[in-house]
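Below, chain A is the first sequence line, B the second, and so on; all start at residue 1. This is a predicted model, so every value here is computed, not measured.
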Protein chains: 2
Amino acid sequence: MVDEALSAGAVARRLGVAVTTLRTWHQRYGLGPSEHIPGHHRRYTPTDLARLEIMRRLTAEGVSPAEAARWARQAPEPMPADAVARSRIRPPGRDGGGGTIPVGRAGPAARGLARAAMRLDAAAISETIARALTVGGVVATWDHLLRPVLVGIGDRHATTGGLIEVEHLVSRCVSEAFAASSRAAAPSGPARILLSCADEEQHSLPLEALGAALAEAGLTYRMLGARVPVAALVEAVTRTGPAAVVLWSHTRATADPTQLSALLAAPRRPLLVLAAGPGWRADTLPAGVVRPADLAEAVSLAVAVRDSLDQSRGA
Amino acid sequence: MVDEALSAGAVARRLGVAVTTLRTWHQRYGLGPSEHIPGHHRRYTPTDLARLEIMRRLTAEGVSPAEAARWARQAPEPMPADAVARSRIRPPGRDGGGGTIPVGRAGPAARGLARAAMRLDAAAISETIARALTVGGVVATWDHLLRPVLVGIGDRHATTGGLIEVEHLVSRCVSEAFAASSRAAAPSGPARILLSCADEEQHSLPLEALGAALAEAGLTYRMLGARVPVAALVEAVTRTGPAAVVLWSHTRATADPTQLSALLAAPRRPLLVLAAGPGWRADTLPAGVVRPADLAEAVSLAVAVRDSLDQSRGA
DNA sequence: TACGAGTTGCGTCGATTGGTGCGTCGATAA
DNA sequence: TTATCGACGCACCAATCGACGCAACTCGTA
């Protein structure tokens, strides 16, 4: 009594791909039900499903679909994922498809992440990010994995108008991963760095990346989050007296230099004010504000502030 | 005990189906009298009748007959459909206590959390929440600790206009805590529950609480997050075919019943559609939508859907 | 830098399959 | 005598089938 014979639709739903894709995988790669009479409906046994699961996992790791299919086809038992991840060089094989996210030459990991995102596979997304974080650290993960994928999703969303769910899901997973990373390497001591988004700015992911990078570098910080009004920001500065403040602006619309001036004029003026993000324009920044080019520079600036503080205190 | 043995015709008349259909249901789905000698007449006990009632109600709601039969067959005592029907009648509505600052009577932990929040002390906030989660679980923590504090902050913000940075910081810490909690008790298996905010709805914290509670209960879910347009939601539903969908609306402005109707009209209609949050109005909800009163009820409803398989053919 | 070739996911279309409710028929239990 | 039984078959409809094509991404080449 094997009631586990899943239909094509059920399997597609479980994997997160379209039904037509299942058919394509069957006829292109031979990844179909073990017994299938042409013309009749496909009935996937648990074994067939396991094969497809392998296919799903490998593609989520960035392996070319053709290659993944070859592996899945002759896979008597679940294979170690390490061996796969280790072989970074992909055999010649292009990639694409209507529902993919452009990641350029950001590497197979980014490609896999994009695929997992498209099928709303939160588990695979989180796993990929977590692995990248432990292997390459926060800065590298952000620059070479997360940012390309996020930019790709953003571009696609800007042109087609869709993919909003994908964007939200990925953002959430990234946020969670950063939070977990920060928590794992959480240093102690007073927080002397304040991270905040500009007023009306709702993209906080880059700031969270910075926070995770700071935690990784042994720095403590305070994160105010998105959409912080100037009054609230100044209020927080005067109350906590941070050594450095990072203000993130993603677009020009939220990059009001007045906010930076307000920071510089605050009662307890921070040693360092960083205007981070592509929103700021160099020629409109008030004097005394530093504009880091990328995540790495922001981190090194923060580290420098910490060192100078330690030195001045003679600790 | 055997005094009420109904004949096939009586049962058929009571259910509103043909007699032959009863026979069909017996031999196709095993939904027959508990003791039946082949060739003899069927005698339905009240228990058998209850099973058939479940079958009828589920199919009337649009559930696939095979699936409905599976529910009805393996229904010991607590029937999900019963819970569903019962929840239609709203239990005595408990609005979150009309006081100005409800934190006061929410216990010392809430008071301490509020104080840490005013201090912008992220570490203390996170620690308090984490301890509450491990001690009392997700539901209790949400109801007795987090919600009072969040409501209190929200009220303050509504009247004074300040505290935005506090609100953000606490939200972020809560979000992180839920993420960590979900990750710690992360079950495996295909996600059969979809969590999403209504269109334009940007409060996702309650949904994250629900997610954490589901993970705690051993359920997997998919979280779409805030501000999900109807099109994206329907797209995700048709793509992943969840058994249940929870749509959160915090305020009336975001509670458009059209979104629920769109869910019910989706190609692969979910078994259960939950309209969660104070935004929804009971009298405007389309038929077939359940409105849980609180977090605990939402969790129990989701648990009821757990064991459902999505294949439409029985053993 | 631009462009064509190879890859790949998936939408669309007309035809078919398979699940479902129920009517019918000869035989049988009540 | 009547209601029901088991078996068979039919009509309806959603899901799926196979085939085809589109769009988009990558990469090699000019």
Side-chain angles (χ1 to χ4, degrees), chain A residues 5-13 15-29 31-33 36-44 55-56 59 62-69 90-108 110-111 114-115 118-119 148 152 155-156 159-160 162-163, chain B residues 5-13 15-29 31-33 36-44 55-56 59-60 62-69 235 238-239 241 267-269 310-314:
Chain A
L6 296 176
S7 73
V11 172
R13 228 168 295 120
L15 292 181
V17 300
V19 190
T20 45
T21 302
L22 271 192
R23 249 179 284 140
T24 306
W25 284 3
H26 186 187
Q27 60 192 46
R28 287 218 265 245
Y29 310 127
L31 283 182
H36 171 239
I37 310 166
H40 288 89
H41 287 188
R42 293 174 173 79
R43 287 283 128 85
Y44 291 88
M55 176 77 176
R56 183 191 63 84
T59 52
V63 179
S64 147
E67 186 78 9
R90 307 200 312 152
R94 289 122 185 103
D95 217 359
T100 52
I101 300 169
V103 294
R105 30 189 111 244
R111 200 182 316 276
R115 268 182 214 281
M118 281 308 292
R119 52 175 78 121
D155 286 352
R156 197 139 184 80
T159 57
T160 64
L163 288 195
Chain B
L6 295 176
S7 73
V11 171
R13 219 167 300 119
L15 291 181
V17 299
V19 191
T20 43
T21 302
L22 273 192
R23 249 179 283 140
T24 306
W25 283 2
H26 186 188
Q27 60 192 46
R28 280 187 188 154
Y29 311 126
L31 283 182
H36 171 238
I37 310 166
H40 289 67
H41 285 191
R42 293 173 174 80
R43 286 297 136 96
Y44 291 87
M55 176 76 178
R56 186 193 59 81
T59 52
V63 178
S64 152
E67 187 143 2
E235 160 80 8
T238 61
R239 198 167 177 79
R268 179 70 183 189
R269 172 184 166 165
D310 58 346
Q311 165 62 350
S312 54
R313 196 181 52 169

Checklist entry - What's the closest nucleotide to the A/R42 side chain, out of D/dG18, C/dG21, C/dG9? => result D/dG18
Item to check | Distance-only donor-acceptor test (3.5 Å): side chain A/R28, base C/dG9 | outcome: yes
Checklist entry - Do any side-chain nitrogens or oxygens of B/T21 fall under 4.0 Å of OP1 or OP2 in C/dC22? => result yes
Checklist entry - Could you state the interatomic distance from CG (B/L31) to CZ (B/R56), rounded to the nearest 0.5 Å? => result 14.0 Å
Next on the checklist: Check the phosphate of C/dT8 against A/Y29, side-chain N and O only, distance under 4.0 Å to OP1 or OP2. Yes or no?
Outcome noted: yes
Checklist outcome for this item: B/S/- along nucleotides 23-30 of chain C (protein heavy atoms under 4.0 Å) is BB----SS
Checklist entry - Would one find a side-chain N or O of A/H36 under 4.0 angstrom from OP1 or OP2 of D/dG18? => result yes
Checklist entry - Please give, in whole Å, the distance from C/dT7 P to A/R111 CZ? => result 15 Å
Next on the checklist: Holding to side chain to side chain contact (heavy atoms under 4.5 Å, CB included), I want the full list of residues that pass it with A/V19, two or more places apart in sequence or in another chain.
Outcome noted: A/A8, A/A12, A/R23
Next on the checklist: Please determine whether a side-chain nitrogen or oxygen atom of B/R239 lies at a distance below 4.0 Å from atom OP1 or OP2 of C/dC10.
Outcome noted: yes
Item to check | Partners meeting side chain to side chain contact (heavy atoms under 4.5 Å, CB included) with A/A114 (sequence neighbours left out) | outcome: A/I101, A/V103
Item to check | For atom CG of B/L15 and atom P of C/dT20, their distance in whole Å | outcome: 17 Å
Checklist entry - A/R42: what forms a side-chain hydrogen bond (donor to acceptor under 3.5 Å, both in side chains) with it, not counting sequence neighbours? => result A/H26
Checklist outcome for this item: Those residues at least two apart in sequence (or on a different chain) that pass side-chain hydrogen bond (donor to acceptor under 3.5 Å, both in side chains) with B/R43 are none
Checklist entry - Reckon B/S7 has a side-chain N or O less than 4.0 Å from the OP1 or OP2 of D/dA3? => result no
Item to check | Bending between helix ends of the helix from C/dT1-D/dA30 to C/dA30-D/dT1 [5 pairs per end, 10° resolution] | outcome: 30°
Next on the checklist: Taking the nucleotide of DNA chain C with the nearest heavy atom to each, does B/P65 or B/E235 sit closer to the 5' end?
Outcome noted: B/E235
Item to check | Closest non-hydrogen atom pair, A/Y44 against A/P33 | outcome: CE2-CD, 3.6 Å
Checklist outcome for this item: Note: for B/A10 and B/Q27 on DNA chain D, the residue whose nearest nucleotide lies more 5' is B/A10
Next on the checklist: Could you tell me how far apart A/L22 (CG) and D/dG18 (C1') are, to the nearest whole angstrom?
Outcome noted: 15 Å
Checklist entry - For A/R115 and C/dT8, what is the distance between atoms CZ and C1' respectively, to the nearest whole Å? => result 7 Å
Checklist entry - How long is the gap from CZ on B/R239 to CZ on A/R119, to the nearest 0.5 Å? => result 9.0 Å
Item to check | Results of side chain to side chain contact (heavy atoms under 4.5 Å, CB included) for A/T21 - residues two or more places apart only | outcome: A/V17, A/A18, A/W25
Checklist entry - Which whole-number value in Å describes the distance from A/I37 CD1 to D/dT16 C1'? => result 15 Å
Next on the checklist: Whole angstroms only, please: what is the NE2-P distance between A/H26 and D/dC17?
Outcome noted: 10 Å
Next on the checklist: Rounding to an integer number of Å, can you tell me how far A/L163 CG sits from D/dA23 P?
Outcome noted: 17 Å
Checklist entry - Could you state the interatomic distance from CG (A/L22) to CE (A/M55), rounded to the nearest 0.5 Å? => result 10.0 Å
Item to check | Side-chain heavy-atom pair B/P65, B/R28 within 4.5 angstrom cut-off | outcome: no
Checklist entry - Starting at the 5' end of DNA chain C, which residue's closest nucleotide do you reach first, A/M55 or B/M55? => result A/M55
Checklist entry - What is the distance from CZ of B/R13 to P of D/dT4, rounded to the nearest Å? => result 7 Å
